[in-house]
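Chain letters run A, B, ... following the sequence lines, proteins first and then strands; every chain starts at 1.
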Amino acid sequence: MIFRIFEKKELKNLFEILAAHNKVVGPVEIGKDKQCNPIYAFTEVSDFNSIKLDYTTTKLPAKRYFLPFHEDLSTFRIKDNNWQKTIDYNADRPLIFFGLHPCDINALNKLDKVLLHSVFPMPYYVAKRKNMFIIGIDCVPQPFCFCRSMGSDTALHGFDMFITNLGTRYFVEILTDTAYNFLKNIKTEEPKEKDHILYMKSAAERNKKFTAKVDTTDLAKILDMEFQSDVWKQWGDKCLACGTCANVCPTCYCYGVEETVDINLKSARKTKMLHSCNLIDFAEVAGGHNFRPERHSRLKYRYYHKHRGFVEAFEESLCVGCGRCGESCLAGIKVPEVIASVRGGKKR
Amino acid sequence: MKAKESESKTYLGIPLYRPKVAFFEFSSCEGCQLQIINNENTLLDFLSLVEVVNFREAMTEKSDDYEIAFVEGSITRNDEAERLKKIRKNAKILVALGSCACFGGVNQLKNRFNNIEWVKKQVYGKHPIDTAPVRALEEVVNVDLRIYGCPIKKEEVEKIVLHVVLGKSIDIPKYPVCMECKANENICLFDLGEPCLGPITRAGCDSWCPNNNAGCWGCRGPAEDANVGYMKKIMKEKGFSEKTILERLDCFGGFAQFPELKKKGKH
Amino acid sequence: MKPELKFVDIISQQPKMQKRKNDLSSFEYTYRAEITSMYQLTDMETLYRIQIVNPEERRRFAFIPGQFLMLEIPGIGEAPFSISSSPSIHGEVELCIRKAGNLTNFLSKVGRGAIVGIRGPFGTGFPMEEMHGQNILLIAGGLGLVPLRSPIAYVQENRSHFREVNIVYGTKSPQHLLFTYQYDVWIKDDINLNIIVEKADPSWIGSVGMLTDTLMKILEGRDNEFYHNTYAIVCGPPVMFKFVCNMLNKFNIPMQKMFVSLERRMHCGMGKCCRCNVGSTYTCLKGPVFDYWTVMNLKEAI
Amino acid sequence: MKKTINVNVKHLTRVEGHGNINIKIRNGKLLEAQWEVIETPRFFEAMLVGRNWDNAPWITGRICGICSIGHTLASIRAVENAFKIVPDEQTRKLRILLKHMETLQSHSLHLCFLVLPDLMNAGSVFPLIDSHKDVVVHAAKIKGLANDLCDCIGGRRLHPTRTVVGGFTKLPAKEELAAFGERLKNIVKDLMVVADLFTGFKLPDFTRETEFVSLKGTAGYPFIGGDVVSSDGIQMREQDYKKLTNEYIVKQSTAKWCRLSRESFAVGALARLNNNFEFLHPVVKDIAGRFGLIPVNHNPFMNNIAQLVESVHVVMDSITLIDELLSSKFTEPRQEVKPGSGVGVGAVEVPRGILYHSYEFDDKGKIVKCDCVIPTGQNHANIQHDLEALAEEFADRGKDDKEIELLASMLVRAYDPCISCSVH
Ligand SMILES: Cc1cc2nc3c(=O)[nH]c(=O)nc-3n(C[C@H](O)[C@H](O)[C@H](O)COP(=O)(O)OP(=O)(O)OC[C@H]3O[C@@H](n4cnc5c(N)ncnc54)[C@H](O)[C@@H]3O)c2cc1C
Ligand code: SF4
Ligand code: SF4
Ligand code: SF4
């Protein structure tokens with residue numbers, strides 16, 4: 001890996017140079033909550049000043065740019081009794097992501113495993129993913145972040161460059177030649193020994209700030225053993241089956257497909273819509289049989305898929321510990337608590 | 001209301017059935033019918049799919065020969081119930097149009113008063129007036145299809161009619177509004193300190209109110225498997241009064257079957 | 001250098017002649033296929049013969065018994081169906097489809113000559129070659145006979161490779177029996193056909209009762225050699241295979257020689273939509289055909 | 001000529017709500033001419049009692065699907081008056097803009113889809129889709145624009161979501177508003193086409209003197225709040241609406257009737273125009289002139305023309321409002337609400353005339369009493385008297401059953417009655 005260091009003001013230059021020629025997506029403040037804390041989201045930006053590099057976790061990940069909530073898989077032209085199918089992967093330009101946190105980068109790495117590197121890669125995802133240029137940025141851990149437990153607190157790959165705030169300057173890790181070339185447009189330096197020390201100090205500082213924890217030892221096995229545990233029922237009683245957790249999760253990718261005919265009867269479309277395994281009809285089949293009719297069985301499934309099934313298939317869990325689902329869940333169902341209760345096997 | 005192209009439409013070579021449709025209204029604001037005329041962009045395509053034979057709000061001709069009856073409004077007088085039964089006899093498919101028809105809508109709010117005489121006196125003084133407790137259509141006749149919402153969403157009506165014409169099954173979302181709200185990337189109203197019934201209300205409106213930064217009032221009734229009991233608890237924990245919660249839940253009548261709502265007003 | 005990113009066109013970047021499972025463009029690719037015949041089997045089920053239009057594609061299309069494909073009518077819907085015909089016929093498949101909902105109802109209205117889309121084949125199949133030299137039990141309840149018709153065809157075509165072959169088939173009533181016109185041929189091919197209905201009608205002269213009764217008769221009093229050298233394929237409603245597999249298990253038929261086909265909701269067939277997961281296993285990739293040992297290890301399978 | 005006339009219209013079509021017309025003339029003598037309102041009452045005024053203040057605009061908006069925006073705004077004004085909230089300029093402008101679009105939507109629907117068929121000898125607008133496609137397209141374009149702008153400001157075209165006590169929950173984006181400014185400028189042409197079309201029709205020649213009641217314009221044509229005037233010389237504050245309406249109950253109607261200086265009065269476009277002609281946009285005054293519409297005009301059929309004139313007026317005014325909004329910096333859309341005890345009245349000019357909402361609150365902001373007086377309710381008595389005069393006069397002129405039925409129906413339609421609204 002190649003490292004460089006540059007003055008903070010240079011970042012603005014870099015942004016302006018990149019934004020002049022590319023579409024850039026970054027974290028911005030979209031409002032304040034009741035306690036007057038800022039609410040952040042990823043949107044397209046053209047002004048460096050609107051980007052909030054010190055943002056805390058966004059409510060929603062940058063999902064719409066790689067897994068849109070609704071996406072046409074294909075469209076049809078209908079003529080008499082014949083039809084013509086057109087497939088469009090809905091990617092037409094590269095996007096620069098200016099400031100993704102490690103958890104969100106790791107989320108993409110996990111998605112890559114199933115949507116890009118496994119059998120039947122999904123071109124709709126791949127087309128977008130291959131056109132992402134990612135500038136990562138370090139974060140300040142929030143009380144709900146348990147990414148460290150999930151091994152997602154640092155990103156080792158899946159980005160083009162990653163910047164770390166060292167006070168007056170940024171330390172940058174460069175992974176791709178594209179990033180290397182981009183950086184030629186601003187003034188950077190070779191980091192010195194003291195910069196390395198500064199970097200390690202800052203990392204150590206950050207590590208201290210992780211408070212939320214999940215014990216993942218033997219988790220896949222424990223989940224299996226506790227399949228019939230009563231704790232699931234207790235969580236299920238609270239769950240609203242609203243699907244929010246899956247929608248805000250950077251790694252949830254399940255979907256449903258709907259075909260519709262346009263009202264002029266001349267065209268039709270097949271649309272993919274992100275779904276959530278907590279919704280009542282997730283496993284419902286023709287004739288009305290539902291393989292998971294109770295809320296607790298669906299909630300349990302979400303944990304099984306993430307912390308057992310995915311581990312079995314890809315040696316890691318499908319959760320980066322960003323804590324978004326727990327923060328957005330109105331019922332207060334949080335991953336660390338659920339897992340602790342399953343491990344404890346005791347009543348909450 | 002005949003479309004010029006009288007040749008029948010086909011889809012993938014299959015001739016489509018062009019149903020004769022009629023619109024009727026009972027106690028309501030007639031807004032749902034208005035919504036149907038309100039889709040200026042697709043109205044002509046829509047009209048070519050069906051043959052409208054009865055639409056009092058827009059046309060003078062009327063006919064009793066129809067297959068689909070769209071019925072708006074709730075039943076608040078006995079003569080209305082009789083009229084509805086006649087419509088049921090004539091129609092193959094009876095569609096309840098909007099929350100008034102599906103649940104009684106805002107009209108059923110008067111049912112929360114035990115004393116109907118008090119209600120009458122509030123508005124008409126001593127003048128005798130004929131009224132009965134408000135009923136949803138299905139409390140009087142069988143209803144084949146329900147189009148939820150106050151008001152209905154014109155896109156949904158179009159979709160349902162199109163599906164009837166095509167012979168496709170009609171899928172109204174079973175999940176709650178939050179699902180659509182998240183896809184629309186709204187800030188959750190609870191973060192802003194506002195109440196919202198999105199987590200327990202049936203989706204399909206594309207989170208209309210939350211998109212406009214206004215909390216959901218449950219006009220489409222409960223989602224399937226709605227966890228009303230726990231939702232009430234959550235709202236209380238978030239600092240909303242019992243009154244605020246109940247006023248939202250009882251506003252359109254959709255949640256009437258839940259035990260959480262079985263309390264009546266004092267009059 | 002102008003700091004402008006170049007758009008990456010994934011399809012043009014992809015090496016040609018990939019395997020279908022790695023080919024990006026195969027994800028949403030549909031074969032155009034023509035419904036060449038429709039034959040109504042019962043009130044609810046119709047047998048569709050479907051032929052891929054393009055001769056080149058027809059030649060390449062191959063499947064193994066037990067696999068399924070996704071059938072699509074544009075604008076109406078897409079759903080998974082087991083292939084119910086002989087694997088030695090290329091580019092033409094038979095599907096037996098029950099009217100169950102949106103797509104399947106619409107399908108019953110389209111006529112011969114209609115063009116539909118198919119994707120696939122998907123999923124695992126029955127390991128027919130592994131079974132060579134063995135006894136075979138083909139056990140079907142109701143619509144379960146549909147996926148069995150493909151292995152039956154294989155057995156017919158390769159009859160000499162198998163020892164004793166038994167079909168055990170149970171339905172609710174005689175009207176529900178599928179493929180009645182083929183029974184004679186099966187019997188001629190030295191396949192024992194055991195049919196049992198739950199409720200007889202006046203014209204019915206066969207056995208009446210539960211499928212497990214018939215199965216019991218076949219299994220009882222055989223020697224261990226028979227049990228150890230028997231493969232079983234079980235298809236039908238979930239309640240049925242619970243009972244059937246338990247019985248087979250009692251007779252010590254090895255669990256790895258018992259195969260079942262699971263049915264779950266599916267939208268992609270390619271391990272992406274997650275709707276078919278059992279426990280946390282994709283039915284569309286690891287199944288629909290599973291050996292019974294695997295099923296035992298899947299949470300929430302039966 | 002001694003005539004016998006029998007007219008029985010059950011569930012008059014192309015109006016909102018349910019009403020019947022009965023006319024009986026025996027040997028030239030008018031026995032009966034009755035405007036019967038049979039709509040079922042829904043008891044909104046009782047429904048609201050005991051509920052929290054924030055329910056008022058949300059629920060009373062459901063009184064009527066056509067003027068739900070007007071109801072919502074009247075209700076909000078009443079609550080704001082009770083809680084002593086004064087909306088800021090930005091809110092005031094956005095509300096008027098929203099109101100304008102409801103007016104345009106409602107007027108164009110009424111003129112082109114409900115009235116036009118009478119003038120062109122059709123039973124509904126649907127045959128006109130084929131025979132006069134261009135007119136229908138212009139009309140749909142006008143109505144579509146009005147509806148789209150309602151969506152943009154109020155959140156939706158019907159039962160708005162963004163309008164709340166204290167202001168708005170969300171503001172439109174400036175780019176959106178700017179685009180609407182352009183669309184509004186273009187729509188004037190379409191309105192002119194409709195105006196030209198109407199110049200070609202001859203409206204029934206019928207007058208009956210009556211009293212016209214409307215809000216009083218001060219700086220401009222009136223829409224929300226202020227004093228109320230009548231052509232008979234009365235002027236009062238909106239709070240005194242009870243003295244202006246004097247509701248009473250009659251047997252033939254589930255809606256209440258009203259009176260002021262004489263046995264009946266009229267509200268609506270014609271009343272507004274008669275009382276506030278000088279405030280109309282200059283371009284618009286010319287159009288009025290083309291139809292010979294000079295105040296005070298006493299032909300109820302001219303209400304249609306007044307609507308046409310107002311349609312152009314609201315478009316012109318909206319263009320100005322959008323310009324003003326675009327040149328100002330948007331501020332916080334919503335004021336904080338401090339509920340408390342009090343009484344508040346809100347008067348708003350909705351398409352069909354002046355609408356009053358009045359609430360009384362306890363110290364927690366709970367509704368203790370609620371009262372709504374609807375424009376069509378105020379018009380019922382006037383419709384009744386017009387009907388009597390019309391039946392007699394036209395029977396004298398030798399018209400037969402069919403002709404009188406049509407004229408009577410057209411007369412009622414000219415008022416653009418919103419019956420379900422009047423029986424709330
Ligand atoms: C591996 C497999 C093989 C099958 N083989 C056959 C067969 O040979 N013959 C047959 O008649 N049926 C078969 N089915 C069941 C068949 O897929 C359903 O009957 C069909 O999906 C119903 O679709 P629909 O649109 O008519 O029903 P709807 O209820 O309207 O379904 C809507 C959508 O839900 C999904 N869905 C609903 N039910 C099922 C289901 N049971 N399985 C999977 N997805 C479902 C589909 O995506 C479908 O398009 C099979 C299912 C699976 C999983
Ligand atoms: S866990 Fe929470 S966010 Fe997820 S579906 Fe249940 S209530 Fe909704
Ligand atoms: S499951 Fe929750 S904590 Fe884990 S990645 Fe998803 S949103 Fe983040
Ligand atoms: S605003 Fe309402 S609908 Fe949207 S996520 Fe929050 S609770 Fe759900």
Side-chain angles (χ1 to χ4, degrees), chain B residues 1-4 25-35 37-38 40-41 43-44 47 52 55-62 73 76-77 80 105-107 109-110 112-113 118-120 122-125 127 129-131 134 150-151 208-209 211-214 217 243-244 247 251 265-267, chain D residues 11-18 39-52 54-55 58-59 61-66 68 109 113-114 117 122-127 129-130 140-141 143-144 147 154-162 164 169-170 249 254 256 366 409 420-421 424:
Chain B
M1 200 196 280
K2 282 181 210 86
K4 196 159 66 191
E25 66 287 308
F26 293 95
S27 300
S28 66
C29 75
E30 301 194 8
C32 289
Q33 284 186 59
L34 189 68
Q35 277 293 79
I37 326 183
N38 260 344
E40 291 85 8
N41 295 333
L43 189 60
L44 295 185
L47 290 177
V52 180
F55 198 154
R56 194 195 48 79
E57 214 179 63
M59 63 196 281
T60 299
E61 301 92 336
K62 27 189 139 173
T76 70
R77 233 169 32 195
E80 288 189 320
V106 288
N107 310 330
L109 280 176
K110 81 164 194 220
R112 79 200 148 100
F113 301 111
W118 176 87
V119 175
K120 288 192 200 173
Q122 278 289 301
V123 182
Y124 285 91
H127 184 73
I129 196 96
D130 184 12
T131 187
V134 171
C150 181
W208 220 346
C209 293
N211 293 353
N212 289 301
N213 224 355
W217 283 69
K243 185 171 168 59
T244 304
E247 280 182 357
C251 188
K266 57 176 178 303
H267 291 288
Chain D
H11 293 185
L12 177 66
T13 57
R14 280 182 283 132
V15 296
E16 202 270 2
H18 297 89
E39 184 78 24
T40 44
R42 287 174 292 155
F43 300 93
F44 275 84
E45 283 133 333
M47 259 182 228
L48 281 173
V49 173
R51 293 176 85 84
N52 215 21
D54 61 346
N55 282 237
W58 184 247
I59 292 178
R62 265 85 185 163
I63 289 177
C64 173
I66 297 192
S68 60
L109 171 74
F113 293 171
L114 310 181
S124 76
V125 70
F126 300 113
I129 296 175
D130 293 337
K141 200 168 145 201
K143 197 166 132 332
N147 275 332
R156 61 184 170 200
R157 51 195 60 188
L158 165 67
H159 302 327
T161 54
R162 292 186 184 183
V164 287
T169 57
K170 193 173 178 179
I249 293 165
T254 46
K256 297 175 194 172
K366 199 168 84 182
S409 304
S420 56
C421 180
H424 39 286

B:C29 and D:H159: which non-hydrogen atoms are nearest, and at how many Å?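 For B:C29 versus D:H159, the nearest heavy atoms are SG-NE2, 3.5 Å.
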Short side-chain to backbone donor-acceptor contact, [X] and [Y], under 3.5 Å:
X      : Y      : answer
B:E247 : D:N55  : no
D:R62  : B:C150 : yes
D:K170 : B:N211 : yes
B:N213 : D:T169 : yes
B:N107 : B:S27  : yes

For [X], which atoms come within 4.5 Å of any heavy atom of chain B: side chain, backbone, both, or neither?
X      : value
D:R51  : both
D:L48  : backbone
D:I63  : backbone
D:N147 : side chain

Looking at side-chain heavy atoms only, is the closest gap between D:W58 and B:V106 below 4.5 Å?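 Answer no - side chains too far apart.
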Contact class of B:L44 relative to chain D, heavy atoms under 4.5 angstrom: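 The side chain, not the backbone.
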Region of B:E80 in contact with chain D, defined by heavy-atom distances below 4.5 Å: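 Contact with chain D is through the side chain of B:E80 alone.
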Counting heavy-atom pairs under 4.5 Å with chain B, which one of [options] comes out on top?
options                : answer
D:H11, D:K143, D:K141  : D:K143
D:S409, D:A122, D:G65  : D:G65
D:G155, D:A140, D:P117 : D:G155

Between B:C32, B:G73, B:G31, B:P151, which has the largest tally of heavy atom pairs under 4.5 Å with chain D?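 Of the candidates given, the most pairs with chain D belong to B:P151.
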